[in-house]
Amino acid sequence: NKILMGLGVIHEPLKLMYTNVAISYGLAYAYLPYMVLPLYASIEKLDFRFVEAGYDLYASRFRVLWHVIIPLVRPGIVAGCVLVFIPAIGDYVITTQLGGGTTMMFGSLISQQFLAARNWPQGSALSLGLMLVVMIALLFYVTKAARRGQV
């Protein structure tokens, strides 16, 4: 803020901390490797002869992306989504530090019930509910992958 104000780009300091944008950037920064690494592994195994065949059949770039590349990279996309979804849904440290306790997310609510409110039954119920949501999402993924023959 001091540098931007010194250069005359802004006239008053920007509010960077304790905003939803700060939380979004923090979560993206923390969980980006969990998405990038499965995608990288999946794209590295991609046989580009299929992409060339799509171009040879006069498909546009969008059609090649949508009908050739994404179906071949789908296991990496799904693995990355699962690896990001599970820890991010219960994260409370990033939301507390960057949000200042003003934004309530599921992990923050559970933490608040256990630590601040000392309401252990509600905290346990919320934790069990979160665990059931994650398990249902994983079961949905496994059954869908088994139908496609990917598991």
Side-chain angles (χ1 to χ4, degrees), residues 1 4 14-151:
N1 276 330
L4 291 176
L14 297 173
K15 184 173 180 174
L16 300 175
M17 292 295 291
Y18 311 124
T19 62
N20 290 337
V21 174
I23 294 171
S24 299
Y25 283 150
L27 288 172
Y29 179 77
Y31 295 116
L32 187 67
Y34 294 114
M35 187 68 188
V36 169
L37 292 174
L39 275 176
Y40 176 76
S42 185
I43 290 172
E44 190 177 25
K45 292 189 303 184
L46 179 69
D47 189 3
F48 279 96
R49 291 181 295 176
F50 293 118
V51 175
E52 292 172 2
Y55 287 135
D56 288 343
L57 294 172
Y58 299 105
S60 66
R61 289 180 181 217
F62 178 75
R63 289 188 73 119
V64 169
L65 174 71
W66 194 253
H67 293 288
V68 177
I69 296 174
I70 290 180
L72 292 173
V73 183
R74 183 174 288 139
I77 294 171
V78 172
C81 289
V82 168
L83 286 175
V84 168
F85 173 73
I86 291 172
I89 196 169
D91 191 284
Y92 68 93
V93 174
I94 293 173
T95 57
T96 304
Q97 295 296 319
L98 296 178
T102 58
T103 302
M104 189 62 61
M105 293 183 70
F106 209 68
S108 303
L109 181 63
I110 293 171
S111 171
Q112 185 182 34
Q113 292 301 314
F114 279 116
L115 301 176
R118 300 278 188 215
N119 190 353
W120 286 63
Q122 175 133 12
S124 300
L126 289 171
S127 299
L128 185 64
L130 179 64
M131 190 170 63
L132 287 175
V133 167
V134 170
M135 286 183 61
I136 288 170
L138 286 175
L139 284 174
F140 178 75
Y141 162 68
V142 168
T143 56
K144 196 125 173 128
R147 286 184 192 155
R148 289 187 179 154
Q150 295 176 350
V151 175

Asker: Return yes if some donor-acceptor pair links the side-chain N/O of Asn1 with the main-chain N/O of Leu14 below 3.5 Å, else return no.
Answerer: yes
Asker: When rounded to the nearest 0.5 angstrom, what distance separates CD1 in Ile43 from CD1 in Ile77?
Answerer: 7.5 Å
Asker: Side-chain donor-acceptor pairs under 3.5 Å in residues 82-96, sequence neighbours left out?
Answerer:
unit_1: Asp91; atom_1: OD1; unit_2: Val93; atom_2: N; d: 3.4
unit_1: Asp91; atom_1: OD1; unit_2: Ile94; atom_2: N; d: 3.0
unit_1: Asp91; atom_1: OD2; unit_2: Tyr31; atom_2: OH; d: 2.6
unit_1: Thr95; atom_1: OG1; unit_2: Tyr92; atom_2: O; d: 3.1
unit_1: Thr95; atom_1: OG1; unit_2: Ser108; atom_2: OG; d: 2.7
unit_1: Thr96; atom_1: OG1; unit_2: Tyr92; atom_2: O; d: 2.6

Asker: Taking only residues two or more places apart in sequence, or in another chain, which ones meet Phe114 in a ring-ring contact (aromatic ring centres under 6.0 Å, His included)?
Answerer: Trp120
Asker: Please report, to 0.1 Å, the donor-acceptor pairs under 3.5 Å made by any side chain of residues 51-66, with sequence neighbours excluded.
Answerer:
unit_1: Ser60; atom_1: OG; unit_2: Arg63; atom_2: N; d: 3.3

Asker: Would you please name every residue forming a side chain to side chain donor-acceptor pair (under 3.5 Å) with Asn20, sequence neighbours left out?
Answerer: Thr103
Asker: Between Pro38 and Pro33, what is the shortest heavy-atom contact and its length?
Answerer: CD-O, 4.2 Å
Asker: From Asn119 CG over to Ser124 OG, what is the distance, rounded to the nearest 0.5 angstrom?
Answerer: 9.0 Å
Asker: Name all pairs fulfilling the salt bridge (Lys or Arg N to Asp or Glu O under 4.0 Å) condition that reach into residues 19-48, sequence neighbours left out, sorted by first residue then second.
Answerer: Asp47-Arg49
Asker: Could you check whether atom CE of Met17 has more than 12 heavy atoms from other residues, nucleotides or ligands sitting under 6.0 Å from it?
Answerer: yes
Asker: Has the side chain of Ser127 got a donor or acceptor atom that lies under 3.5 Å from a matching backbone atom of Gly123?
Answerer: yes
Asker: Arg118: what forms a side chain to side chain donor-acceptor pair (under 3.5 Å) with it, not counting sequence neighbours?
Answerer: none
Asker: Side chains of Lys144 and Val78: does their closest heavy-atom pair fall under 4.5 Å?
Answerer: no
Asker: Rounded to the nearest 0.5 Å, what separation is found between the CG atom of Leu37 and the CG atom of Leu32?
Answerer: 9.0 Å
Asker: Atom CE in Met104, atom CG in Leu109: separation rounded to 0.5 Å?
Answerer: 6.0 Å
